[in-house]
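Indexing begins at 1, ligand by ligand and atom by atom, following the structure's order.
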Amino acid sequence: MSHFLKVVAFSLLVIAFFTGFSFFGVPQIEPAPPPKEEAVERGAMTIEQFVALGKKIFDGKGACTLCHNPVGGRAPALERAGIAAVERMKDARYRGAAKSVEEYLYESLVKPSAYVVAGFGKAGTNDTESPMPDASAGSIRLSEAELRAVVAYLQDLSGVEVTVRIPTDAGATAKAQDKPAQRAPAKNAEELIAQFACTACHKIGAQAGGPIGPDLSRIGASRDAAYLRRAILEPNADVPKGFAPGVMPATYGEQLYARELEVLVAYLAALK
Ligand code: HEC
Ligand code: HEC
């Protein structure tokens with residue numbers, strides 16, 4: 001028995017010694033500074049800066065304002081998108097896989113048809129197909145970091161929590177946005193018409209043109225600006241009698257800068 005007690009006493013002594021040692025004997029280790037690289041690449045950008053980057057992409061490279069603008073009425077306002085997302089995901093018409101507001105917004109950009117806001121679907125599809133282009137493809141082609149910045153901006157815009165993690169290459173993405181746009185904006189409507197070869201199919205005023213599309217020389221007399229805008233962005237929405245659908249390129253919405261579209265529409269509307 002006394003042998004057993006000795007063992008217990010010895011064990012307690014050993015434990016006490018190491019406990020004391022760990023308190024007083026082991027030198028305190030300073031918390032290591034974060035690795036340099038990460039501090040430079042990710043830590044350099046605050047969430048506010050990342051949101052601002054998203055806005056820049058929204059207004060610029062993303063070409064989002066071509067449709068999402070207060071005057072066009074062609075696309076839903078996005079000021080409540082982050083709040084509406086919760087209802088959309090529960091809607092019977094929802095065909096996506098998002099589980100959070102962030103995922104819903106991201107999905108809206110790359111798979112626009114996962115949920116089509118009522119009344120905004122492609123003409124004739126009963127709101128099953130979105131006219132919005134995939135922002136990760138085509139001429140918009142946003143990178144992963146750019147898409148995430150736009151989602152952060154949309155969350156901030158709707159006043160919901162910004163949950164997007166800032167990707168490590170956000171700094172490089174921000175620099176890329178400061179480069180001049182790939183194409184200089186056209187100076188006027190005539191230049192646009194030449195650049196986009198509208199006269200390949202249309203006669204437009206003094207400019208001779210092909211008969212594939214309707215003669216636009218006096219188009220402003222019968223069509224208003226809203227109709228013309230739609231005719232350029234969504235050529236198959238209204239097809240005039242005697243002309244074939246699917247002939248006019250449906251890509252102008254992705255190619256034209258928002259202001260160019262308005263210049264072109266105003267020019268056509270004035271042809272009377
Ligand atoms: C050619 C026109 C067009 C362009 C360009 C466009 N959108 Fe859209 N967008 C729409 C239309 C129309 C809808 C509504 C139909 C739908 O739900 O897909 C929509 C829907 C959305 C929605 C879902 C809204 C909701 O309440 O569910 C988001 C988010 C969105 N767009 C963001 C963007 C962003 C960001 C860009 C730029 C990268 C962009 N859109 C570019 C036309 C466009
Ligand atoms: C490859 C041929 C082609 C090109 C290029 C083309 N269009 Fe068209 N366009 C058509 C056809 C065909 C129609 C009629 C069918 C339709 O509406 O899709 C049409 C319809 C239109 C209409 C509607 C006319 C109406 O009365 O409904 C407008 C406006 C228009 N085009 C403007 C333009 C502009 C601006 C450009 C250049 C940026 C352009 N088009 C380039 C073939 C073309």
Side-chain angles (χ1 to χ4, degrees), residues 54 57-69 72-85 87-89 91 93-94 96 104-122 127 129-136 138 140-142 146-147 149-151 153-154 157-158 189 192-202 204 209-216 219-220 222-223 227-256 258 260-261 264-265 267-269 271:
I57 295 165
F58 187 90
D59 294 336
K61 185 180 173 190
C64 314
T65 50
L66 256 188
C67 302
H68 295 280
N69 61 60
R74 275 190 31 84
L78 298 176
E79 279 75 8
R80 289 191 73 259
I83 298 162
E87 294 307 313
R88 310 256 201 250
M89 287 185 282
D91 195 311
R93 293 197 301 115
Y94 179 59
Y104 177 86
L105 292 172
Y106 184 91
E107 186 179 65
S108 294
L109 307 188
V110 298
K111 288 196 194 94
S113 296
Y115 185 84
V116 181
V117 179
F120 286 101
K122 253 189 197 163
D127 288 342
E129 242 183 87
S130 175
M132 175 168 152
D134 172 357
S136 67
I140 301 179
R141 204 176 289 279
L142 298 185
E146 289 169 335
L147 288 167
V150 171
V151 171
Y153 166 61
L154 293 176
L157 183 71
S158 340
L192 278 170
I193 288 166
Q195 195 167 344
F196 288 99
C198 312
T199 49
C201 303
H202 296 283
I204 306 180
I212 299 167
D215 185 343
L216 302 179
I219 190 74
S222 55
R223 312 289 198 195
Y227 178 97
L228 294 168
R229 194 177 294 117
R230 185 164 142 120
I232 294 168
L233 292 173
E234 217 179 314
N236 296 329
D238 306 280
V239 177
K241 243 196 169 146
F243 293 94
V247 176
M248 174 158 160
T251 48
Y252 292 126
E254 294 163 34
Q255 296 170 322
L256 290 165
E260 290 181 323
L261 174 66
L264 193 52
V265 167
Y267 176 84
L268 294 174
L271 295 176

| task | Of the side chain and backbone of Ile219, name the one, both, or neither that has a heavy atom under 4.0 Å from an atom of ligand 2. | result | side chain
| query | Any non-hydrogen atom of Tyr153 lying under 4.0 Å from ligand 1? | reply | no
| query | Going by distance only, is there an N or O of Tyr252 that falls short of 3.5 Å from an N or O of ligand 2? | reply | no
| message | With a cutoff of 4.0 Å, is Leu233 in contact with ligand 1, counting heavy atoms of the residue only? | response | no
| message | For the 3.5 Å polar cut-off, considering only N or O atoms, please tell me whether Pro112 and ligand 1 meet it. | response | yes
| said: Does only the side chain of Asp238 get under 4.0 Å from ligand 2, or the backbone, or both, or neither? Count heavy atoms. | reply: backbone
| remark: among protein heavy atoms, the one nearest atom 36 (C) of ligand 2 is Cys198 SG, 2.9 Å
| said: Quick check: Arg88 and ligand 1, any N/O pair under 3.5 Å apart? | reply: yes
| Contact (N/O only, under 3.5 Å) between Pro235 and ligand 2 | yes
| query | atom 14 (C) of ligand 2: which of Pro214, Ala250, Ala231 has the nearest heavy atom? | reply | Pro214
| Any non-hydrogen atom of Ala84 lying under 4.0 Å from ligand 1? | no
| message | Using a distance threshold of 2.8 Å, state whether an N, O or S atom of Ser130 lies below it from atom 8 (Fe) of ligand 1. | response | no
| His68 backbone or side-chain N/O/S under 2.8 Å from atom 8 (Fe) of ligand 1 | yes
| said: Minimum distance, heavy atoms only, to atom 3 (C) of ligand 2: which one of Gly220, Cys201, Ala194 is it? | reply: Cys201
| Contact summary for Leu78 and Leu157, nearest pair of heavy atoms | O-CD2, 3.7 Å
| request: Measuring from atom 8 (Fe) of ligand 2, name the closest N, O or S atom belonging to His202. | output: NE2
| Part of Val247 with heavy atoms under 4.0 Å of ligand 2, whether side chain, backbone, both or neither | both
| message | Within the 3.5 Å criterion, strictly below it, is a donor on Tyr115 or Asp91 matched to an acceptor on the partner's side chain? | response | yes
| message | Below a 4.0 angstrom heavy-atom separation, can you tell me which part of Pro249, side chain or backbone, both or neither, approaches ligand 2? | response | side chain
| Which of parallel (below 30°), tilted (30 to 60°) and perpendicular (above 60°) describes Tyr94 and Tyr104? | tilted
